Amino acid sequence: MKTQIRSVSALEILDSRGNPTVRTFVELEDGTKVSASVPSGASTGENEAVELRDGGKRYGGKGVEKAVANVNNEIAEAISGMDATDQKAIDMLMIEIDGTENKSRLGANAILGVSMAVARAASISVGLPLYKYLGGSDAVRVPVPCMNIVNGGEHADNSVDFQEFMAVPHGAPGFREGLRYVAETFHVLKSILKSRGLSTGVGDEGGFAPDFKSNEEAIETIIEAIEKAGYKPGVDISIAMDTAANSISPGIDGNYDLIWSGKGKMTSDELIALEGEWIKKYPIILWEDPLSEGDWEGFRKFTALHGNDIEVVGDDLFVTNTKYIKRGIEEGSANSALIKLNQIGTVTESIEAVKMCREAGWRYFISHRSGETSDTFLADFAVAMDGGHLKTGSASRGERIAKYNRLLEIEHELKGLAEYRWK
Ligand code: PGA
Ligand code: ZN
């Protein structure tokens, strides 16, 4: 059988932060040979699937030789000879042989690399682009790029508490134009920062990370850049926020400390009030992790207040895990879940998380990690899942641009069939 898996192996490579990660190779009986590379987060949720790191001296303990060995030995033995089109069976078998709740024995980094490479190999072998292989012939919507143009929090060394400020070109007629809108805004923002003597160095996801005096100065400067670039805030381009509130909640328990700006301690209600003022004042369309993952009650209150007007996304709260998304649906904690493949560790489980959101009438927001590689799996995955939007960083840094360029290619390939709409 031509889609039968002939060999599986892995290699330790570096991610965009210069930390080790896993690249996996899968070869099929028909000679198809592919690789896939695993991303890695910095502001991670407590309940994420476990990235297996070696500890010890190499790379400050961050080596992944154990995960690589797990692919080369146990996983390779288990799945060699299986049919690469049996994605679910392969993913479930890896979960079974790992034997833990959180993939901590073999490592989510070992398992996900194989899962992605298997999907990619199967798609090539059956002659379909990856987005069509995973999403069927209905997969024609190219996502609105939520471009993270200012980085704060854990992703930057500056005085901004909120981790991500994304420009969202939902008013553009198509992906190519949308990408242009926000790339132009990025360049205008750069010249504004320069003219004010602020740094134009970039953070982990390629957004600027200047020492704004306040969180407000960050969003107001972005709005100024949108206007100067010739676009209407709220009409052509809106703003999406990610507080990544775990990073400002030392015990991730709903007690906050806005350490970077020096604003100091806040209760959950005070943070909700501050974010509520922003929603009133600024053209905000989406807010991710407005509260920390231990603050389910805060999430519920936030969603009750704003869930009819904006998309409220749980990232660290749900960690792409149906167990937590289910609770969120029952409790009204959000109306959308962030989907990060390595938070859960297989392609199959990521698709299950998407399905659960869809069935509940929720949205889902496909996302990269702050540590990435030039692998473009995410771009195809976002089109396949038909979620309407994705986040994959700024208009700088090759590992981010690689995904945008792949989306341009997909839109081009789809020709007149390509769709672009926020909802
Ligand atoms: P991470 O950040 O990849 O560092 O977790 C992304 C996010 O919080 O959305
Ligand atoms: Zn987040």
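Every value quoted in this text rests on a predicted model; they were computed, and no experiment measured them. Both ligands and their constituent atoms are indexed starting at 1 by order of listing.
The shortest N or O to N or O distance between Glu48 and ligand 1 is not below 3.5 Å. For ligand 1, none of its N or O atoms has an N or O atom of Gly371 under 3.5 Å away. Between Asp242 and ligand 1, an N or O atom pair is found at a separation short of 3.5 Å. Below 3.5 Å of separation, one finds an N or O of Lys340 facing an N or O of ligand 1.
Asp380 places a side-chain N or O within 3.5 Å of a backbone atom of Tyr131 that can act as its donor or acceptor partner. Side chain of Thr303 to backbone of Arg300: no donor-acceptor contact under 3.5 angstrom is found. A donor-acceptor pair is defined here as one N or O able to donate and one able to accept, closer than 3.5 Å; no such pair exists between the side chain of Asn335 and the backbone of Glu311. Remark: the backbone N or O of Leu291 is not paired with any side-chain donor or acceptor of Asp289 at under 3.5 angstrom. No donor-acceptor pair under 3.5 Å is formed between the side chain of Arg400 and the backbone N or O of Ala395. In this structure, Ser115 contributes its side chain and Val347 its backbone to a donor-acceptor pair below 3.5 Å.
Residue contact check for ligand 1: Ser367 places no non-hydrogen atom closer than 4.0 Å to it. Under the 4.0 angstrom criterion for non-hydrogen atoms, Glu154 is not in contact with ligand 1.
Phe162 pairs with exactly one of Phe212, Trp260, Trp278 by the ring-ring contact (aromatic ring centres under 6.0 Å, His included) rule, that one being Trp278.
Excluding water, every protein N/O/S atom under 2.8 Å from the Zn ion (ligand 2) is given here by residue and atom: Asp242 OD2, Glu288 OE2, Asp315 OD2.
Counting heavy atoms under 4.0 Å from ligand 1, residue Gln163 touches it through the side chain alone. Of all the heavy atoms of Lys391, the ones lying under 4.0 Å from any atom of ligand 1 belong exclusively to the side chain.
Close approach to Asp315 involves these atoms of ligand 1, each under 4.0 Å from a residue heavy atom: 7 (C), 8 (O), 9 (O). For ligand 1, the atoms closer than 4.0 angstrom to any heavy atom of Glu288 are 9 (O). The ligand atoms of ligand 1 that sit less than 4.0 angstrom from a heavy atom of Arg369 are 1 (P), 3 (O), 5 (O). For ligand 1, the atoms lying closer than 4.0 Å to a non-hydrogen atom of Gly41 are 1 (P), 3 (O), 4 (O), 5 (O). Residue Glu164 has at least one heavy-atom neighbour below 4.0 Å for each of these atoms of ligand 1: 6 (C), 7 (C), 8 (O), 9 (O).
Between Phe365 and His389, the two ring planes are parallel [angle under 30°; tilted spans 30° to 60°]. Ring geometry, Phe302 versus Trp287: the interplanar angle exceeds 60°, so the pair is classed perpendicular (tilted spans 30 to 60°).
Judged purely by distance below 3.5 Å, without hydrogens or angles, the side chains of Tyr282 and Glu220 pair a donor atom with an acceptor atom. Between the side chains of Asn405 and Glu409, not a single donor N or O lies within less than 3.5 Å of an accepting N or O. Neither side chain, Glu349 nor Thr322, offers a donor N or O lying under 3.5 Å from an acceptor on the other.
Selection from Ser40, Ser370, Ala244 by nearest heavy atom to atom 3 (O) of ligand 1 gives Ser370.
Within 6.0 Å of the CZ atom in Arg176, the count of heavy atoms belonging to other residues, nucleotides or ligands does not exceed 12.
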